[in-house]
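Heads up, the thing below is written out as C-alpha cells.
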Amino acid sequence: MSPVLDNIDLFVDGFLTSLEIILWALAGTLPLGVLIAACRVSPIPPLRAFGTFWVTTFRNTPLTVVLVFCAFGLPELGINRSFFFFGVLGLVLYTSAFVCEAVRSGINSVPAGQAEAARSIGLNFTQGLRYVVLPQALRTVVPPLGSVVIAMMKNSAVVGAFGVGGDLWSTGQRLTSALGYETFPIFVGGVAVGYLIITLTAGALLQVLERRVAIAR
Amino acid sequence: MTSRPNGEPLVRLSGVNKWFGELHVLQDIDLDIARGEVVVVIGPSGSGKSTLCRAINRLEPIEKGEITIDGERLPEEGKELARLRADVGMVFQSFNLFAHKTVLENVTLGPTKVRKKSKADAEKRARELLDRVGVASQADKHPAQLSGGQQQRVAIARALAMEPKVMLFDEPTSALDPEMINEVLDVMVGLAKDGMTMVVVTHEMGFARRAANRVVFMDGGRIVEAAEPESFFTNPRSDRAKDFLSKILTH
Amino acid sequence: MSFRRGALAATMTATALVLAACGGSGDDTAAPEPEVAEAPEFEAGTTMAELAEAGTIRVGTKFDQPGFGLENLEGEVEGFDVEIAKIIAGGLGIAPEDIEWVQTPSAVREEVLEGDEVDMVVATYTINDTRKERISFAGPYYTAGQQIMVAADNDEITGPESFTDNPDATVCSVTGSTPAEQITEYLASPDQLVLFDEYSQCADSLSNGQVDAVTTDNVILLGFVSESDGEFKLVGEQFTEEPYGIGIPKGDVAFCEFIHETLRENEDAYTEAWEATAGQVEGTETPELPEFDECA
C-alpha cells in the first residue's frame with residue numbers, strides 16, 4: 001500500500017494543523033503589515049522611523065532567527081505562551097515586513113493627486129489612506145501581496161521545527177525518521193501535496209480577487 | 001462687471017516665502033482676498049502661481065510668513081489643518097477625482113466623513129450640485145467613463161459639497177481639450193456671479209475679463225502687478241506684464 | 001538567550017572533548033586502540049572479502065550525538081558508536097585511520113544503506129520491524145532505555161504515567177525520533193508533545209519553563225543532567241528498551257554474523273570503549289554485551 005494512504009489520518013491532521021498556523025498568521029500579519037505601511041508613509045517622522053526600523057529588522061533577519069527569538073527569547077524574558085503562539089507570532093512578525101513593503105509599493109503606485117484631493121476635502125491622513133489611497137492601492141498590491149502570502153504559507157513549515165508538533169512538515173519527519181518510511185514518497189506524495197493544496201487554493205483565490213479589484217476600478 | 005466687494009479680507013497672505021531647495025519660489029508675497037472677491041493669478045510658467053494657490057490650503061508648506069483664512073492662522077498639521085482644509089475648496093488641473101468611486105460617491109465622501117452628514121442628506125445635496133454643474137445624469141458612473149470637461153465639473157461639485165468659504169482653482173482648464181474648456185469656465189463664471197470667493201490660476205484671459213475683480217500677475221516668485229482686469233489688460237504698468245501679455249494675446 | 005544556547009552547545013562540545021581526552025582508565029590520554037587483524041582471510045565474494053581487499057570501510061554515524069558520535073573541533077568523530085565501528089573494522093584488518101566517516105542523521109539512515117553510500121551504520125540506531133523491511137541489523141550492541149528529565153524542583157512528574165494523569169504537563173523530544181513516538185502512548189493529548197530538531201533546544205525549553213519535561217534515551221539525558229549544575233534531574237525508571245543495532249544492507253547474513261563474532265571476540269575492547277566514551281557521564285553503568293538477535 002502507498003505509505004501516504006496508510007497514514008492518511010496523520011496527513012489530514014498535519015494538513016489541518018498547518019492550515020491553522022497559516023490562517024492565524026494571515027489574520028495577524030495582514031493588518032500588522034498595513035499598519036506598518038501606514039507608519040512608513042505617515043507625515044509624522046517618529047512613526048516613519050519606527051516603520052523603517054521594523055521593516056529593516058524583520059526583512060533582514062532569517063525567519064529561523066525570528067522564531068528562535070520567539071520560542072526561546074521571550075520565555076527567557078518571562079513570557080511563557082504555547083509554542084503554537086510563538087510560532088505564529090514569529091511568522092506574523094517576519095511576514096509583516098514583506099506585507100508592509102508590498103502595500104507601500106501599492107500606495108506609491110496611486111498618483112499623488114489622489115491623496116492631495118483627499119486632503120483638500122478635509123480628510124485627515126488616516127481617512128485619506130483608508131477611503132482613497134488604500135482601496136486604489138489594492139489593485140496593484142494583490143499580485144505582490146499574493147507572492148508574500150504564498151511564501152508565508154510555505155515558510156509555515158519552519159514553525160514545525162520550533163516546538164509546534166503535528167504540522168505537515170513534522171508529520172513527514174515523523175513518518176520517515178521515527179517510523180522508517182522512505183523519504184521520497186512521504187515528502188513528495190504527502191507533504192508536498194498537502195502544501196500544494198493550500199498554496200494552489202490560495203493562488204486561485206488570489207486570481208479571483210485580482211479580477212474583482214480590477215473590475216471595481 | 002461686478003464691483004469690488006468690501007469688508008475684512010477672507011484670505012490674507014503676509015510675508016510669505018517658500019523655497020524648493022535652493023529655488024526661492026515665493027518671495028515676500030503679500031495678498032489680501034476679500035469675501036466674495038474673484039482673483040485671477042496669471043504669469044509665465046515657473047512664476048510660482050500654482051505654488052501660491054497650493055500654499056493657501058497648505059498642500060505646499062511655507063517656510064516664512066503667515067497665511068490666515070477668515071482670521072484664523074493656517075495650522076501646521078493634524079486635525080486642525082484637516083478642519084481648515086474642509087473650508088477651502090480645491091480644483092486641480094488634472095481633476096484628481098477618486099478613481100475607484102462613482103461620481104456620486106466622489107461628491108458625498110467629504111460631507112459624510114468630514115462633515116458627518118447622513119448618507120441620504122449628502123446624496124441629496126450631491127445630486128443638486130451635480131445638476132448645477134450639468135452632470136446629474138453621470139452620477140453612477142466612474143470618473144474614467146467621463147470626458148475631461150465632465151470630470152472637472154464633478155471636481156467642482158465635489159469641492160462645493162463641503163460648502164467652502166473660498167475655492168482655489170489650479171489651472172482648471174489646462175488639461176482639457178479646447179471644446180471642453182467653456183463648459184467648465186461657464187460653471188466657474190456662475191459661481192463667481194453667486195458671490196463665491198475664488199482664487200483662480202489660469203491662462204484664460206476671457207475668464208479673467210468676464211469674472212475677475214482683480215488680476216494678479218506673478219513672475220519669478222513675486223507679485224509684480226495687481227489690477228482690475230480691464231486696466232491690466234489694456235494698460236499694464238510693468239514691462240514684464242507687457243511682455244507676457246504680448247506673447248499670449250497674439251495667439 | 002543566545003548566549004545561553006551557545007554556552008550549552010559549547011559545554012556539550014567541551015564535555016565530549018574531555019570524554020575523548022580522558023581515556024578508559026583515567027590515566028590514558030586517548031580512546032583505546034582496537035586490535036586490527038593482520039590479513040584476515042574471508043570467503044571470496046563476501047562483503048568482508050570486498051572490504052578487506054579494499055582496505056577501507058565507509059561508516060555512517062552521527063556527528064552530533066555526545067557520547068556516541070560527535071565531531072570534535074579537529075574534525076574527528078568520537079563516541080561509543082565510533083569505537084564499536086573501529087572494533088568491527090579491526091576485525092576486517094582495517095585500521096581506524098582508514099575508516100571513512102559519513103555523517104548520517106536519523107532521517108537518512110536507511111537511505112544511505114540502500115543507496116550504497118556507506119557499508120554500515122552505527123548511529124544510535126534502534127532496531128525495529130519497519131526498519132528491518134528496508135535494511136538488516138546486526139546486534140544489538142547496547143540497550144538504551146527511555147527516561148524522563150525534569151527540573152530539579154519538579155515533584156509532580158514522576159514518570160511517563162504523569163502525562164496521562166496530568167494533561168497540562170508537556171514533554172519535549174526530537175522530531176522524528178523513536179522516543180518521541182514511544183512517549184505518545186502515555187499522553188492524554190497529542191498537544192502535550194513538543195518537538196524540536198535537537199535535544200539542546202528541549203533542555204533550553206525545560207530551563208526557561210516552556211516545557212515540563214524532556215524525554216529520550218537515558219544516556220543522552222544523563223549528559224544534560226550532569227551539565228546542568230543541579231538544575232535538572234531524572235525521574236522514574238527506564239520505560240522502554242531501545243536496542244541499538246548496526247545497520248547493514250538488507251539480507252547480508254554473512255556480514256551480520258561476522259559482526260557478531262567480532263564483537264564477541266572483543267568484549268574487553270567493548271568495555272573499554274564504553275568507559276572511554278558514554279561511560280564518562282556520571283551515573284551510567286558499564287553494560288554487558290547484550291544477547292544478539294538472529295541474523296536475517
Side-chain angles (χ1 to χ4, degrees), chain A residues 1 3 6-7 9-10 12-14 16-17 20 61-62 64-87 157-187 191, chain C residues 1-6 8 105-112 114-115 125-135 137 168 170-184 187 189-198 200-212 247:
Chain A
M1 272 295 278
D6 286 351
N7 296 287
D9 49 335
L10 284 181
V12 169
D13 281 353
L16 292 176
T17 304
E20 202 181 340
T61 308
T64 45
V65 175
V66 177
L67 285 168
V68 164
F69 172 77
C70 291
F72 296 102
L74 293 179
E76 211 67 23
L77 301 172
I79 302 166
N80 283 96
R81 299 291 297 267
S82 70
F83 282 110
F84 185 91
F85 176 88
F86 287 141
V158 181
V159 173
F162 287 85
V164 181
D167 73 322
L168 268 174
W169 175 259
S170 25
T171 299
Q173 288 283 28
R174 180 179 171 202
L175 286 169
T176 50
S177 298
L179 303 178
Y181 286 96
E182 278 186 75
T183 303
F184 187 76
I186 289 291
F187 276 90
V191 176
Chain C
M1 181 273 307
S2 56
F3 169 75
R4 266 180 36 80
R5 286 173 52 76
L8 188 51
S106 298
V108 301
R109 288 178 297 200
E110 291 84 18
E111 259 92 8
V112 291
E114 287 175 332
Y125 202 177
T126 303
I127 299 171
N128 71 30
D129 288 345
T130 323
R131 288 170 178 162
K132 277 190 206 162
E133 285 174 16
R134 297 172 61 188
I135 57 131
F137 284 103
D168 291 334
T170 52
V171 57
C172 186
S173 197
V174 162
T175 310
S177 67
T178 308
E181 284 307 308
Q182 281 167 338
I183 194 68
T184 52
L187 301 180
S189 134
D191 295 340
Q192 288 174 276
L193 181 60
V194 170
L195 295 171
F196 282 108
D197 280 347
E198 290 166 30
S200 59
Q201 294 173 319
C202 282
D204 268 8
S205 290
L206 181 59
S207 169
N208 64 32
Q210 277 291 111
V211 298
D212 300 312

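Throughout, protein chains are lettered first and strands after them, A, B, ... in sequence-line order, and every chain is numbered starting at 1.
Checking side-chain atoms of C/Q210 against main-chain N and O of A/R81 turns up a donor-acceptor pair under 3.5 Å. C/N208 contributes no side-chain N or O that, together with a main-chain N or O of A/A71, makes up a donor-acceptor pair within less than 3.5 Å.
Smallest separation of non-hydrogen atoms from A/S170 and C/T175: CB-CG2, 4.0 Å.
Between A/F72 and C/F196, the ring-plane angle classifies as tilted under the 30° and 60° cut-offs.
Chosen from C/R134, C/E133, C/E114, the residue pairing most often with chain A at heavy-atom distances under 4.5 Å is C/R134. Your options are C/L193, C/T130, C/T178, and the one with the most heavy-atom pairs under 4.5 Å with chain A is C/T130.
When heavy atoms are compared at a cutoff of 4.5 Å, C/E111 approaches chain A solely by way of its side chain, counted from C-beta outward. Looking at A/F86, only its side chain comes within 4.5 Å of chain C, counting heavy atoms on both sides. Contacts between C/D129 and chain A at a heavy-atom distance below 4.5 Å are absent for every atom of the residue. Contacts of A/I79 with chain C are made by backbone atoms alone, with heavy-atom separations under 4.5 Å and no side-chain atom involved.
A search for salt bridge (Lys or Arg N to Asp or Glu O under 4.0 Å) contacts involving C/R131 returns C/E110, not counting sequence neighbours.
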For this session: Could you walk me through whether C/V211 and A/F83 pass the side-chain contact (heavy atoms from CB on, under 4.5 Å) test, one step at a time?
Result: CA-CA 10 Å; C/V211 298; A/F83 282 110; 3.8 Å; yes

